[in-house]
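Keep in mind that what you see is a predicted model, and the values were worked out from it rather than measured. Basis for what follows: all heavy atoms, side chains included, without hydrogens, waters or symmetry-related copies.
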Amino acid sequence: MATGTPARLPIKWQVARLVERRVETRTAQTLVLEVPDWPGHLSGQHVDVRLTAPDGYQAARSYSIAGPVVDGPGGPRVEVTVQRVHDGEVSPYLVDVLAAGDPVEIRGPLGGWFIWRPEQTQPVQLVAGGSGIVPLMAMIRARRAVGSKVPFRLIYSVRTPQDVIYADELRRRVRDDFGLDVAYVYTREAPDGWHGEPHRLGLADVNTHGWPPDLQPLTYVCGPTGFVEAVADLLVGLGHPSRGIRTERFGPTG
């Protein structure tokens, strides 16, 4: 699957400040960053966030942008959702230490392939594993923001109901956003009333909840490397052409 981004001029680091945070799950929080010189972005793009220790040591990580840019009193605001990684260098600081008003370096937007543009008219299917929901949620939010009628289907694989990021918002959007369908796959613990036993996302899930290949949907898959590769293989096996499958994967670093 193609995952590259086109060549572009270097993007400079700039200082952002935390203006708000929202708790999403036991380990994930959304950080709202005020970025005065933000140039704008497309749903699916990401940013690099860099921390500098007093001794000069630096650590940087990439985080997907969680939604459209919002105008704030001090300038544009960009949201990133960060999942705390055990023994990580950056995510524990962002989730547990960074306080309102604190500065953090940011660089972006980055990525030119794993994006959804409002002018696209193909049906869209989104397949997320864990925190891979973040760039896909950005697409769902962008769809609503521009009033797009393109039909979206999301298949979201998580360990337990408590691990669903944006749980309340997804329930609301299924109710209010015409043309958006959401299906869940639970791998360790399922909620009461959910049909079936916990399992890894498989052929039946994709076949039941995704778009059929003859509709030629545009597909976005995001999650851990093994998850993304398995889902891409399932889609190709069902007859989806690889040129219509866009993937974004991440490792355990944090």
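Between the side chains of Arg50 and Thr52, no donor-acceptor pair is found at a separation under 3.5 Å. For the 3.5 Å distance criterion, the side chains of Tyr166 and Thr81 qualify, holding a donor opposite an acceptor.
Residue Arg22 places its CZ atom among more than 12 non-hydrogen atoms of other residues, nucleotides or ligands, all under 6.0 Å distant. Atom CD of Gln216 is surrounded by 12 or fewer heavy atoms from other residues, nucleotides or ligands within 6.0 Å.
Annotation for Gly72 and Arg77: closest pair CA-NE, 3.8 Å, computed over non-hydrogen atoms. Taking every heavy atom of both residues into account, Ile106 and Val35 meet most closely at CG2-CG1, 4.1 Å.
Looking at residues two or more places apart in sequence or on another chain, you find a side chain to side chain contact (heavy atoms under 4.5 Å, CB included) between Thr27 and Thr25, Gln83, Arg84. With sequence neighbours excluded, no residue forms a ring pair (Phe, Tyr, Trp, His ring centres under 6.0 Å) with Trp211.
Of the inter-residue distances, the one linking Leu51 atom CG with Ser91 atom OG reads 10.0 Å to the nearest 0.5 angstrom. One finds the OG atom of Ser131 at 12.0 Å from the CD atom of Glu24 (value rounded to the nearest 0.5 Å).
Residues Val97 and Leu33 share a single hydrophobic cluster, defined by chaining ILVMFWY side chains whose heavy atoms lie under 4.5 Å apart.
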List the atom pairs, donor and acceptor, that lie under 3.5 Å between side-chain atoms in residues 133-156 and the rest of the protein, sequence neighbours left out.
| unit_1 | atom_1 | unit_2 | atom_2 | d |
| --- | --- | --- | --- | --- |
| Arg141 | NE | Glu169 | OE1 | 3.4 |
| Arg141 | NE | Glu169 | OE2 | 3.0 |
| Arg141 | NH1 | Ala66 | O | 2.8 |
| Arg141 | NH2 | Glu169 | OE1 | 2.5 |
| Arg143 | NE | Val150 | O | 2.6 |
| Arg143 | NH1 | Phe178 | O | 3.4 |
| Arg143 | NH2 | Val150 | O | 3.1 |
| Arg143 | NH2 | Phe178 | O | 2.6 |
| Arg144 | NH1 | Asp177 | OD1 | 2.3 |
| Ser148 | OG | Val150 | N | 3.1 |
| Arg153 | NH1 | Gly210 | O | 2.9 |
| Tyr156 | OH | Gly130 | O | 3.3 |
| Tyr156 | OH | Ile165 | N | 3.1 |

Side-chain donor-acceptor pairs under 3.5 Å in residues 191-203, sequence neighbours left out?
| unit_1 | atom_1 | unit_2 | atom_2 | d |
| --- | --- | --- | --- | --- |
| His199 | ND1 | Glu197 | O | 2.8 |
| His199 | NE2 | Asp205 | OD1 | 3.2 |
| His199 | NE2 | Asp205 | OD2 | 3.0 |

Let me have the donor-acceptor pairs involving side chains of residues 11-21, under 3.5 Å, with sequence neighbours excluded, atom names and distances please.
| unit_1 | atom_1 | unit_2 | atom_2 | d |
| --- | --- | --- | --- | --- |
| Arg17 | NH1 | Gly101 | O | 2.9 |
| Arg21 | NH1 | Gln29 | OE1 | 2.4 |
| Arg21 | NH1 | Leu94 | O | 3.3 |
| Arg21 | NH1 | Val95 | O | 3.1 |
| Arg21 | NH2 | Leu94 | O | 3.1 |
| Arg21 | NH2 | Leu98 | O | 2.4 |

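Counting heavy atoms from C-beta on, the side chains of Tyr63 and Leu31 never come closer than 4.5 Å. Proximity of Phe114 to Cys222: side-chain heavy atoms (C-beta onward) are separated by under 4.5 Å at one or more points. Using a 4.5 Å heavy-atom threshold, the side chains of Asp181 and Val174 count as separate.
A salt bridge between Asp163 and Arg26 is present, with a side-chain N of the basic residue lying under 4.0 Å from a carboxylate O of the acidic one.
Formation of a donor-acceptor pair under 3.5 Å by the His240 side chain with backbone atoms of Pro212 is not found in this model.
Clustering of Ile, Leu, Val, Met, Phe, Trp and Tyr by side-chain heavy atoms under 4.5 Å joins Ile115 with Leu42.
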Would Thr219 and Gln125 satisfy side chain to side chain donor-acceptor pair (under 3.5 Å), going step by step from the backbone distance to the final call?
-> CA-CA 5 Å; Thr219 302; Gln125 60 183 355; 2.8 Å; yes

